[in-house]
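To start, the structure itself, in C-alpha coordinates.
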Amino acid sequence: MTKVFRDPVHGDIFLPEELVELLDTAQVQRLRGIKQLGTASLVYPGAVHTRFEHSLGTYCLAEQLMQVIEEFSVKINPSERLALGAAAILHDVGHIPFGHTIEDERRIFSRHDAPERFERFLGGRTEIAKVLRKYNIEQAVRDILYNTGPRGKAWMSELISGTFCADLLDYLARDAFFCGLAQVYDKRILRSVRISENGNLYLDCQKDGIIREDLVSEVINLLRLRYFLTERVFFHHTKTASGAMISKIIERALELGLKLEDMLPRGDEGLLAFIEARWGEDHLIENMLKALASRNIYKRAYVLTRRIGQEKELELVEKYHNEPRLRRKAECELAASLKLDPSELIIYCPSSKMQLKEAEVLIKMGSHEPVSLASLNLPEVAVLQDKHRNLWRFYVFIAPWRLNRVRQISQACEQYFGFSNHLPALQSAQLYMNF
(Lines give C-alpha, C1' and ligand atoms only; values in the text may rest on other atoms or scores of the structure.)
Protein backbone atom coordinates (compact mmCIF):
# COMPACT_ATOMS: atom_id res chain seq x y z
CA MET A 1 0.00 0.00 0.00
CA THR A 2 1.40 3.39 -1.02
CA LYS A 3 1.54 6.26 1.48
CA VAL A 4 1.42 9.90 0.39
CA PHE A 5 3.49 12.65 2.05
CA ARG A 6 2.78 16.30 1.28
CA ASP A 7 6.08 18.13 0.84
CA PRO A 8 6.29 21.94 0.50
CA VAL A 9 9.14 21.68 -2.00
CA HIS A 10 8.22 18.77 -4.28
CA GLY A 11 4.50 18.36 -3.67
CA ASP A 12 3.10 14.88 -3.02
CA ILE A 13 5.68 12.13 -2.47
CA PHE A 14 4.44 8.54 -2.91
CA LEU A 15 6.22 5.94 -0.82
CA PRO A 16 5.68 2.15 -1.20
CA GLU A 17 4.83 0.22 1.95
CA GLU A 18 8.29 -1.41 2.13
CA LEU A 19 9.91 2.03 2.41
CA VAL A 20 7.23 3.30 4.78
CA GLU A 21 8.37 0.48 7.09
CA LEU A 22 11.92 1.79 6.80
CA LEU A 23 10.83 5.38 7.34
CA ASP A 24 8.98 4.42 10.52
CA THR A 25 12.06 2.98 12.25
CA ALA A 26 13.26 4.88 15.30
CA GLN A 27 16.65 5.52 13.67
CA VAL A 28 15.10 7.32 10.68
CA GLN A 29 12.45 9.11 12.76
CA ARG A 30 15.32 10.51 14.85
CA LEU A 31 16.21 12.68 11.85
CA ARG A 32 13.12 14.78 12.59
CA GLY A 33 15.14 16.26 15.46
CA ILE A 34 18.24 17.18 13.43
CA LYS A 35 18.06 20.44 11.50
CA GLN A 36 19.34 20.26 7.96
CA LEU A 37 21.30 23.52 8.34
CA GLY A 38 22.38 23.34 11.96
CA THR A 39 22.34 26.80 13.52
CA ALA A 40 21.38 28.62 10.30
CA SER A 41 17.94 29.36 11.78
CA LEU A 42 19.66 31.97 13.97
CA VAL A 43 20.25 33.87 10.72
CA TYR A 44 17.32 32.65 8.59
CA PRO A 45 14.45 31.93 11.00
CA GLY A 46 12.66 29.74 8.48
CA ALA A 47 15.60 27.34 8.14
CA VAL A 48 14.21 24.81 10.61
CA HIS A 49 13.74 21.99 8.10
CA THR A 50 15.25 18.68 9.14
CA ARG A 51 17.21 15.74 7.80
CA PHE A 52 13.94 13.78 7.79
CA GLU A 53 12.24 16.00 5.18
CA HIS A 54 15.48 16.08 3.20
CA SER A 55 15.59 12.27 3.18
CA LEU A 56 12.04 12.16 1.80
CA GLY A 57 12.95 14.76 -0.82
CA THR A 58 16.06 12.81 -1.82
CA TYR A 59 13.88 9.73 -2.33
CA CYS A 60 11.45 11.75 -4.47
CA LEU A 61 14.22 12.99 -6.76
CA ALA A 62 15.90 9.58 -6.89
CA GLU A 63 12.59 8.15 -8.12
CA GLN A 64 12.30 10.84 -10.79
CA LEU A 65 15.89 10.19 -11.94
CA MET A 66 15.21 6.45 -12.09
CA GLN A 67 12.26 7.07 -14.39
CA VAL A 68 14.49 9.03 -16.79
CA ILE A 69 17.22 6.37 -16.65
CA GLU A 70 14.72 3.65 -17.50
CA GLU A 71 13.36 5.69 -20.39
CA PHE A 72 16.72 6.48 -22.01
CA SER A 73 19.41 4.16 -20.65
CA VAL A 74 18.91 0.92 -18.70
CA LYS A 75 16.11 -1.05 -17.12
CA ILE A 76 16.03 -1.11 -13.33
CA ASN A 77 14.66 -4.29 -11.80
CA PRO A 78 12.24 -4.08 -8.82
CA SER A 79 14.88 -5.12 -6.28
CA GLU A 80 17.33 -2.44 -7.52
CA ARG A 81 14.59 0.19 -7.46
CA LEU A 82 13.70 -0.72 -3.87
CA ALA A 83 17.37 -0.67 -2.82
CA LEU A 84 17.90 2.73 -4.44
CA GLY A 85 14.82 4.12 -2.70
CA ALA A 86 16.00 2.72 0.63
CA ALA A 87 19.50 4.17 0.11
CA ALA A 88 17.99 7.58 -0.63
CA ILE A 89 16.03 7.49 2.64
CA LEU A 90 19.05 6.23 4.60
CA HIS A 91 21.82 8.34 3.05
CA ASP A 92 21.85 10.74 6.05
CA VAL A 93 20.90 8.26 8.79
CA GLY A 94 24.42 8.43 10.25
CA HIS A 95 24.14 12.14 11.00
CA ILE A 96 24.66 13.22 14.58
CA PRO A 97 23.31 16.54 15.91
CA PHE A 98 25.09 19.53 14.32
CA GLY A 99 26.94 16.94 12.25
CA HIS A 100 28.55 19.05 9.51
CA THR A 101 29.75 21.58 12.07
CA ILE A 102 31.47 19.16 14.45
CA GLU A 103 32.59 16.63 11.82
CA ASP A 104 33.58 18.63 8.74
CA GLU A 105 34.26 22.09 10.13
CA ARG A 106 35.59 21.36 13.63
CA ARG A 107 36.84 17.81 12.93
CA ILE A 108 35.80 16.32 16.25
CA PHE A 109 34.42 13.07 14.79
CA SER A 110 34.72 11.20 11.50
CA ARG A 111 32.17 11.93 8.78
CA HIS A 112 28.57 10.77 8.99
CA ASP A 113 28.85 8.86 5.71
CA ALA A 114 31.86 6.76 6.69
CA PRO A 115 31.05 3.01 6.49
CA GLU A 116 31.73 2.52 10.20
CA ARG A 117 29.09 5.13 11.07
CA PHE A 118 26.54 3.59 8.71
CA GLU A 119 27.16 0.18 10.24
CA ARG A 120 25.93 1.43 13.62
CA PHE A 121 22.50 1.84 11.99
CA LEU A 122 22.49 -0.77 9.22
CA GLY A 123 24.24 -3.62 11.00
CA GLY A 124 23.46 -5.95 13.86
CA ARG A 125 19.91 -6.13 15.16
CA THR A 126 18.79 -2.58 14.52
CA GLU A 127 15.29 -1.91 13.25
CA ILE A 128 16.74 -0.74 9.93
CA ALA A 129 18.73 -3.96 9.52
CA LYS A 130 15.60 -6.04 10.14
CA VAL A 131 13.63 -4.18 7.44
CA LEU A 132 16.46 -4.44 4.91
CA ARG A 133 16.82 -8.17 5.55
CA LYS A 134 13.08 -8.69 5.34
CA TYR A 135 13.10 -7.40 1.76
CA ASN A 136 16.50 -8.94 0.89
CA ILE A 137 18.16 -5.62 0.00
CA GLU A 138 20.66 -5.30 2.85
CA GLN A 139 23.81 -5.86 0.76
CA ALA A 140 22.49 -3.86 -2.18
CA VAL A 141 21.86 -0.83 0.05
CA ARG A 142 25.35 -1.15 1.53
CA ASP A 143 26.87 -1.28 -1.95
CA ILE A 144 25.03 1.91 -2.92
CA LEU A 145 25.89 3.84 0.24
CA TYR A 146 29.51 2.64 0.40
CA ASN A 147 30.06 2.84 -3.39
CA THR A 148 31.16 -0.80 -3.50
CA GLY A 149 28.69 -2.08 -6.07
CA PRO A 150 29.47 -4.45 -8.93
CA ARG A 151 31.30 -3.32 -12.03
CA GLY A 152 29.10 -1.29 -14.35
CA LYS A 153 26.77 -0.22 -11.52
CA ALA A 154 28.61 2.86 -10.23
CA TRP A 155 25.66 4.95 -11.39
CA MET A 156 23.58 3.58 -8.52
CA SER A 157 25.83 5.24 -5.92
CA GLU A 158 26.25 8.33 -8.09
CA LEU A 159 22.46 8.68 -8.29
CA ILE A 160 22.26 9.12 -4.50
CA SER A 161 25.47 10.99 -3.65
CA GLY A 162 27.49 11.86 -6.73
CA THR A 163 28.34 15.13 -8.45
CA PHE A 164 24.80 15.36 -9.87
CA CYS A 165 22.53 13.43 -7.57
CA ALA A 166 19.23 13.26 -5.73
CA ASP A 167 20.86 14.52 -2.51
CA LEU A 168 22.23 17.65 -4.20
CA LEU A 169 19.07 18.37 -6.14
CA ASP A 170 16.94 18.20 -3.02
CA TYR A 171 19.07 20.29 -0.69
CA LEU A 172 19.66 23.01 -3.27
CA ALA A 173 15.90 23.47 -3.66
CA ARG A 174 15.00 22.84 0.00
CA ASP A 175 17.66 25.02 1.63
CA ALA A 176 16.92 27.96 -0.66
CA PHE A 177 13.16 27.58 -0.05
CA PHE A 178 13.36 27.50 3.75
CA CYS A 179 15.91 30.30 3.91
CA GLY A 180 13.57 32.47 1.85
CA LEU A 181 16.10 32.87 -0.96
CA ALA A 182 14.64 33.20 -4.46
CA GLN A 183 17.01 30.76 -6.12
CA VAL A 184 15.78 27.83 -8.21
CA TYR A 185 16.96 25.47 -10.92
CA ASP A 186 15.00 24.22 -13.92
CA LYS A 187 13.83 20.67 -13.24
CA ARG A 188 14.01 19.88 -16.94
CA ILE A 189 17.69 19.21 -16.38
CA LEU A 190 16.68 15.89 -14.80
CA ARG A 191 15.64 14.75 -18.28
CA SER A 192 19.27 14.87 -19.43
CA VAL A 193 20.48 12.08 -17.11
CA ARG A 194 21.99 9.07 -18.87
CA ILE A 195 24.16 6.04 -18.05
CA SER A 196 27.41 5.54 -19.97
CA GLU A 197 28.64 2.22 -21.38
CA ASN A 198 30.99 1.77 -18.43
CA GLY A 199 28.16 2.39 -15.95
CA ASN A 200 28.66 6.00 -14.89
CA LEU A 201 26.00 8.67 -14.66
CA TYR A 202 26.34 11.67 -17.00
CA LEU A 203 24.29 14.54 -18.40
CA ASP A 204 23.52 14.48 -22.11
CA CYS A 205 23.87 18.10 -23.26
CA GLN A 206 23.50 17.43 -26.97
CA LYS A 207 20.81 16.42 -29.39
CA ASP A 208 21.57 14.77 -32.73
CA GLY A 209 25.22 15.70 -32.27
CA ILE A 210 24.43 19.40 -31.70
CA ILE A 211 25.33 21.01 -28.35
CA ARG A 212 22.35 22.07 -26.24
CA GLU A 213 23.62 25.40 -24.89
CA ASP A 214 20.54 25.75 -22.68
CA LEU A 215 21.37 22.52 -20.85
CA VAL A 216 25.02 23.51 -20.41
CA SER A 217 23.84 26.84 -18.98
CA GLU A 218 21.53 25.04 -16.57
CA VAL A 219 24.36 22.83 -15.32
CA ILE A 220 26.38 25.99 -14.67
CA ASN A 221 23.33 27.47 -12.96
CA LEU A 222 23.43 24.54 -10.51
CA LEU A 223 27.03 25.46 -9.67
CA ARG A 224 25.99 29.07 -9.25
CA LEU A 225 23.20 28.07 -6.86
CA ARG A 226 25.58 25.83 -4.91
CA TYR A 227 28.03 28.72 -4.55
CA PHE A 228 25.25 31.14 -3.61
CA LEU A 229 24.03 28.92 -0.76
CA THR A 230 27.57 28.30 0.46
CA GLU A 231 28.29 32.04 0.59
CA ARG A 232 24.95 33.21 2.01
CA VAL A 233 24.02 30.30 4.27
CA PHE A 234 26.52 27.49 4.86
CA PHE A 235 29.44 29.84 5.66
CA HIS A 236 27.54 32.89 6.91
CA HIS A 237 29.73 34.25 9.70
CA THR A 238 26.94 34.19 12.31
CA LYS A 239 26.11 30.57 11.49
CA THR A 240 29.82 29.79 11.63
CA ALA A 241 30.23 31.51 15.01
CA SER A 242 27.19 29.82 16.56
CA GLY A 243 28.35 26.49 15.17
CA ALA A 244 31.77 27.06 16.70
CA MET A 245 30.09 27.70 20.05
CA ILE A 246 28.18 24.41 19.78
CA SER A 247 31.40 22.62 18.87
CA LYS A 248 33.20 24.12 21.86
CA ILE A 249 30.41 22.93 24.16
CA ILE A 250 30.62 19.41 22.74
CA GLU A 251 34.43 19.36 22.96
CA ARG A 252 34.20 20.29 26.63
CA ALA A 253 31.50 17.68 27.25
CA LEU A 254 33.71 15.04 25.61
CA GLU A 255 36.46 15.93 28.09
CA LEU A 256 33.93 15.42 30.89
CA GLY A 257 32.71 12.04 29.65
CA LEU A 258 30.35 12.51 26.67
CA LYS A 259 30.55 9.61 24.18
CA LEU A 260 29.58 9.30 20.53
CA GLU A 261 27.08 6.65 21.67
CA ASP A 262 25.33 9.36 23.72
CA MET A 263 24.87 11.46 20.58
CA LEU A 264 23.71 8.83 18.09
CA PRO A 265 20.13 8.43 19.38
CA ARG A 266 19.52 12.15 19.95
CA GLY A 267 18.47 15.21 17.98
CA ASP A 268 19.83 18.76 18.27
CA GLU A 269 17.78 19.94 21.24
CA GLY A 270 17.95 16.55 22.91
CA LEU A 271 21.75 16.58 22.84
CA LEU A 272 22.03 20.08 24.31
CA ALA A 273 19.48 19.17 27.00
CA PHE A 274 21.46 16.01 27.80
CA ILE A 275 24.71 17.98 28.11
CA GLU A 276 23.07 20.62 30.27
CA ALA A 277 21.55 18.00 32.57
CA ARG A 278 24.84 16.12 33.00
CA TRP A 279 27.45 18.88 32.90
CA GLY A 280 25.49 22.14 33.06
CA GLU A 281 27.40 23.31 36.11
CA ASP A 282 30.68 23.32 34.20
CA HIS A 283 31.73 26.94 33.79
CA LEU A 284 32.38 26.86 30.03
CA ILE A 285 29.29 24.83 29.18
CA GLU A 286 27.05 26.96 31.39
CA ASN A 287 28.31 30.24 29.91
CA MET A 288 28.01 29.14 26.29
CA LEU A 289 24.60 27.54 26.66
CA LYS A 290 23.31 30.76 28.25
CA ALA A 291 24.81 32.83 25.44
CA LEU A 292 23.18 30.62 22.79
CA ALA A 293 19.82 30.69 24.58
CA SER A 294 19.74 34.50 24.42
CA ARG A 295 21.36 34.67 20.96
CA ASN A 296 24.50 36.33 22.29
CA ILE A 297 26.47 34.95 19.38
CA TYR A 298 30.25 35.35 19.47
CA LYS A 299 31.74 38.00 17.20
CA ARG A 300 34.65 38.17 14.81
CA ALA A 301 37.77 39.70 16.29
CA TYR A 302 40.33 38.34 13.85
CA VAL A 303 39.93 37.02 10.30
CA LEU A 304 42.35 35.60 7.73
CA THR A 305 41.47 34.93 4.10
CA ARG A 306 43.25 33.21 1.22
CA ARG A 307 45.26 36.38 0.71
CA ILE A 308 47.85 34.84 3.06
CA GLY A 309 48.77 32.42 0.25
CA GLN A 310 48.16 28.71 -0.23
CA GLU A 311 51.26 27.58 1.66
CA LYS A 312 50.35 29.55 4.79
CA GLU A 313 46.71 28.51 4.50
CA LEU A 314 47.72 24.85 4.48
CA GLU A 315 49.96 25.40 7.49
CA LEU A 316 47.06 26.86 9.46
CA VAL A 317 44.77 24.01 8.36
CA GLU A 318 47.33 21.41 9.38
CA LYS A 319 47.67 22.97 12.83
CA TYR A 320 44.21 24.18 13.71
CA HIS A 321 41.86 21.99 11.67
CA ASN A 322 43.65 18.66 11.47
CA GLU A 323 44.96 18.81 15.05
CA PRO A 324 42.18 19.70 17.55
CA ARG A 325 44.73 19.42 20.38
CA LEU A 326 46.83 22.24 18.90
CA ARG A 327 43.69 24.33 18.36
CA ARG A 328 42.68 23.96 22.01
CA LYS A 329 46.23 24.79 23.09
CA ALA A 330 46.21 27.99 21.01
CA GLU A 331 42.80 28.98 22.41
CA CYS A 332 44.04 28.54 25.97
CA GLU A 333 47.29 30.43 25.35
CA LEU A 334 45.56 33.36 23.65
CA ALA A 335 42.88 33.57 26.33
CA ALA A 336 45.50 33.47 29.09
CA SER A 337 47.64 36.17 27.46
CA LEU A 338 44.57 38.42 27.18
CA LYS A 339 43.27 37.53 30.65
CA LEU A 340 40.06 36.22 29.10
CA ASP A 341 38.02 33.35 30.44
CA PRO A 342 38.66 30.19 28.31
CA SER A 343 34.98 30.21 27.38
CA GLU A 344 35.30 33.66 25.77
CA LEU A 345 37.52 32.86 22.78
CA ILE A 346 37.17 30.30 19.96
CA ILE A 347 39.45 29.53 17.01
CA TYR A 348 37.72 28.35 13.85
CA CYS A 349 39.74 26.92 10.96
CA PRO A 350 37.90 25.02 8.21
CA SER A 351 39.39 22.51 5.82
CA SER A 352 41.16 23.87 2.77
CA LYS A 353 39.05 21.54 0.58
CA MET A 354 36.78 24.25 -0.79
CA GLN A 355 36.38 22.82 -4.29
CA LEU A 356 33.01 22.72 -6.03
CA LYS A 357 32.83 18.96 -6.53
CA GLU A 358 29.74 19.50 -8.68
CA ALA A 359 32.06 20.94 -11.36
CA GLU A 360 33.29 17.37 -11.91
CA VAL A 361 29.90 16.24 -13.21
CA LEU A 362 30.23 14.30 -16.45
CA ILE A 363 28.53 15.86 -19.44
CA LYS A 364 28.31 14.88 -23.09
CA MET A 365 28.58 17.60 -25.71
CA GLY A 366 28.38 16.77 -29.37
CA SER A 367 29.69 13.38 -30.47
CA HIS A 368 32.48 13.20 -27.87
CA GLU A 369 32.51 10.87 -24.88
CA PRO A 370 31.32 12.36 -21.55
CA VAL A 371 33.92 14.55 -19.83
CA SER A 372 33.89 16.54 -16.61
CA LEU A 373 32.46 20.03 -16.80
CA ALA A 374 35.61 21.44 -15.18
CA SER A 375 37.83 19.97 -17.92
CA LEU A 376 36.11 22.10 -20.56
CA ASN A 377 37.75 25.25 -19.13
CA LEU A 378 34.59 27.31 -19.43
CA PRO A 379 35.19 30.84 -18.05
CA GLU A 380 31.97 30.84 -16.00
CA VAL A 381 32.92 27.57 -14.29
CA ALA A 382 36.47 28.73 -13.56
CA VAL A 383 35.16 31.94 -11.97
CA LEU A 384 32.72 30.03 -9.76
CA GLN A 385 35.38 27.55 -8.69
CA ASP A 386 37.75 30.36 -7.75
CA LYS A 387 35.05 32.29 -5.88
CA HIS A 388 34.12 29.15 -3.98
CA ARG A 389 37.73 28.53 -2.93
CA ASN A 390 37.92 32.14 -1.78
CA LEU A 391 35.18 31.53 0.79
CA TRP A 392 37.77 29.97 3.10
CA ARG A 393 38.09 31.95 6.34
CA PHE A 394 40.16 31.54 9.51
CA TYR A 395 38.38 33.15 12.47
CA VAL A 396 38.99 34.04 16.07
CA PHE A 397 35.61 34.63 17.71
CA ILE A 398 35.16 36.37 21.04
CA ALA A 399 32.28 36.74 23.47
CA PRO A 400 30.20 39.81 22.55
CA TRP A 401 30.71 41.36 25.98
CA ARG A 402 34.45 41.56 25.15
CA LEU A 403 34.01 43.79 22.12
CA ASN A 404 35.36 46.76 24.07
CA ARG A 405 38.75 45.00 23.84
CA VAL A 406 38.56 44.01 20.19
CA ARG A 407 41.55 46.11 19.16
CA GLN A 408 43.76 44.55 21.84
CA ILE A 409 42.53 41.04 20.95
CA SER A 410 43.21 41.68 17.28
CA GLN A 411 46.76 42.77 18.01
CA ALA A 412 47.37 39.71 20.19
CA CYS A 413 46.12 37.44 17.39
CA GLU A 414 48.34 39.19 14.84
CA GLN A 415 51.34 38.56 17.04
CA TYR A 416 50.37 34.95 17.79
CA PHE A 417 49.56 33.85 14.24
CA GLY A 418 51.96 36.17 12.41
CA PHE A 419 49.46 37.76 9.99
CA SER A 420 47.72 41.11 9.90
CA ASN A 421 44.00 41.06 10.58
CA HIS A 422 41.99 40.95 7.34
CA LEU A 423 38.83 42.18 9.06
CA PRO A 424 38.40 45.78 7.89
CA ALA A 425 37.44 48.94 9.79
CA LEU A 426 38.55 48.04 13.31
CA GLN A 427 38.19 51.67 14.38
CA SER A 428 34.91 51.08 16.18
CA ALA A 429 33.78 48.09 18.20
CA GLN A 430 30.23 49.23 17.47
CA LEU A 431 30.69 47.83 13.96
CA TYR A 432 30.71 44.30 15.35
CA MET A 433 27.54 44.78 17.35
CA ASN A 434 25.47 45.49 14.25
CA PHE A 435 25.44 42.16 12.43
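Model, not experiment: these values are computed from the prediction. All values below were derived from every heavy atom in this structure, side-chain atoms included, with hydrogens, water molecules and symmetry-related copies excluded.
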* To do: Mind listing the closest non-hydrogen atom pair of L22 and V28 along with its distance?
  => O-CG2, 3.5 Å

* Looking only at side chains, do D175 and H54 share a donor and an acceptor under 3.5 Å apart? -> no

* Give the minimum heavy-atom separation between L132 and A86, together with the two atoms involved. => CD2-CB, 4.3 Å

* Closest heavy-atom contact between A173 and Y185? -> CB-CE2, 4.0 Å

* To do: Decide side-chain contact (heavy atoms from CB on, under 4.5 Å) for I363 and L215; before the verdict, give the C-alpha distance in whole Å, the side-chain angles of both, and the deciding distance to 0.1 Å.
  => CA-CA 10 Å; I363 66 172; L215 282 176; over 6 Å; no

* Using distance alone, with no hydrogens and no angle criterion, decide if E138 and N136 have a side-chain donor and acceptor under 3.5 Å apart. => no

* So with a 6.0 Å cut-off around NZ of K187, is the heavy-atom count from everything else above 12? -> yes

* To do: Take L15 and I89 through the test side-chain contact (heavy atoms from CB on, under 4.5 Å) and record every step on the way to the result.
  => CA-CA 11 Å; L15 215 63; I89 288 172; 4.1 Å; yes

* To do: Using modelled atom types only, decide if a donor and an acceptor are shared between the side chain of S157 and the backbone of I144 within a distance under 3.5 Å.
  => yes

* Asked: For the side chain of R393 and the backbone of P350, is there at least one donor-acceptor N/O pair under 3.5 Å apart?
  -> no

* Would you say T50 and Q36 make side-chain contact, with heavy atoms under 4.5 Å? -> no

* Using a distance-only test with no angle check, is there a side-chain donor-acceptor pair under 3.5 angstrom linking E119 and Y146? -> yes

* To do: Kindly confirm or rule out a cation-pi arrangement of R266 over F274, judged by NZ or CZ under 6.0 Å from the six-membered ring centre and within 45° of its axis?
  => yes

* To do: Please state whether the rings of Y348 and Y395 are parallel, tilted or perpendicular, taking 30° and 60° as the class boundaries.
  => tilted

* To do: Check whether the side chains of N198 and S196 place a donor and an acceptor atom closer than 3.5 Å, and report yes or no.
  => yes

* Is it true that the NZ or CZ of R32 lies under 6.0 Å from the centre of F52's six-membered ring and within 45 degrees of the ring axis? -> yes

* Full working for side-chain contact (heavy atoms from CB on, under 4.5 Å) between I102 and S247 -> CA-CA 6 Å; I102 61 180; S247 297; 3.3 Å; yes

* To do: First locate atom CD1 of I160, then atom CG of L168, and finally report the distance between them rounded to the nearest 0.5 Å.
  => 12.5 Å

* To do: Please check if the side chain of D386 supplies one atom and the backbone of V383 the other of a donor-acceptor pair under 3.5 Å.
  => no

* Roughly how far apart are L316 CG and R327 CZ, rounded to 0.5 Å? -> 12.5 Å

* To do: Taking atom CD of E71 as the centre, report whether more than 12 heavy atoms of other residues, nucleotides or ligands fall under 6.0 Å from it.
  => yes

* To do: Using modelled atom types only, decide if a donor and an acceptor are shared between the side chain of D92 and the backbone of H95 within a distance under 3.5 Å.
  => no

* Structure fact -> Between the CG atom in L334 and the CD1 atom in I346, the distance rounded to the nearest 0.5 Å is 13.0 Å

* Does some side-chain heavy atom of F397 sit less than 4.5 Å from a side-chain heavy atom of K299? -> no

* With no hydrogens and no angle check, is any side-chain donor or acceptor of N421 less than 3.5 Å from a backbone partner on A301? -> yes

* Check the pair H91 / S161 against side-chain hydrogen bond (donor to acceptor under 3.5 Å, both in side chains), numbers first and verdict last. => CA-CA 8 Å; H91 80 284; S161 56; over 6 Å; no

* **Pair F417 + F419: ring centers closer than 6.0 Å** => no

* Could you note down all residue pairs passing salt bridge (Lys or Arg N to Asp or Glu O under 4.0 Å) where residues 18-29 supplies at least one of them, sequence neighbours left out? => E21-K134

* When rounded to the nearest 0.5 angstrom, what is the spacing between CG in D268 and CZ in R51? -> 9.5 Å

* Asked: Side chains of Y171 and R226: donor-acceptor distance under 3.5 Å anywhere?
  -> yes

* Exercise: identify the closest heavy-atom pair between I220 and L384 -> O-CD1, 4.0 Å

* For A166 and A62, work out which heavy atoms get closest and say how close. => CB-N, 3.5 Å

* To do: Decide side-chain contact (heavy atoms from CB on, under 4.5 Å) for R295 and T238; before the verdict, give the C-alpha distance in whole Å, the side-chain angles of both, and the deciding distance to 0.1 Å.
  => CA-CA 10 Å; R295 203 185 178 279; T238 300; 3.7 Å; yes

* Enter the distance from H10:NE2 to T58:OG1 here, rounded to the nearest 0.5 Å. => 7.5 Å

* Asked: Just how far is it from atom OG1 of T126 to atom CZ of R120, taken to the nearest 0.5 Å?
  -> 12.5 Å

* **Main-chain N/O of E213 paired to S217 side chain as donor or acceptor, under 3.5 Å** => yes

* Asked: With a 4.5 Å heavy-atom cut-off, do I69 and W155 have their side chains touching?
  -> yes

* Asked: Just wondering, more than 12 heavy atoms not from N322 lying within 6.0 Å of its CG?
  -> yes

* Asked: Does the distance from a Lys or Arg side-chain N to an Asp or Glu carboxylate O, for K387 and E231, drop under 4.0 Å?
  -> no

* To do: Please examine the side chains of L314 and Q310, heavy atoms only from C-beta on, and report whether any two atoms are closer than 4.5 Å.
  => yes

* Asked: Taking E218 for the side chain and D186 for the main chain, is one N or O donor matched with an acceptor at less than 3.5 Å?
  -> yes

* Asked: Can you name the residues that form a ring pair (Phe, Tyr, Trp, His ring centres under 6.0 Å) with H321, not counting sequence neighbours?
  -> none

* Side chain of T163, backbone of K357: donor and acceptor closer than 3.5 Å? -> no

* **Sidechain-backbone polar pair: E360 side chain, L373 backbone, donor-acceptor under 3.5 Å** => no

* To do: Would you mind reporting whether L229 and Q183 have side-chain heavy atoms less than 4.5 Å apart?
  => no

* Asked: Below 4.5 Å, heavy atoms only, C-beta onward: do C205 and I211 meet side chain to side chain?
  -> no

* More than 12 foreign heavy atoms under 6.0 Å from CD of E261: is that the case here? -> yes

* Under 3.5 Å: donor-acceptor pair, side chain of S73, backbone of R194 -> no

* Structure fact -> In short, Y298 meets A399 closest at the heavy-atom pair CD2-N, 3.6 Å

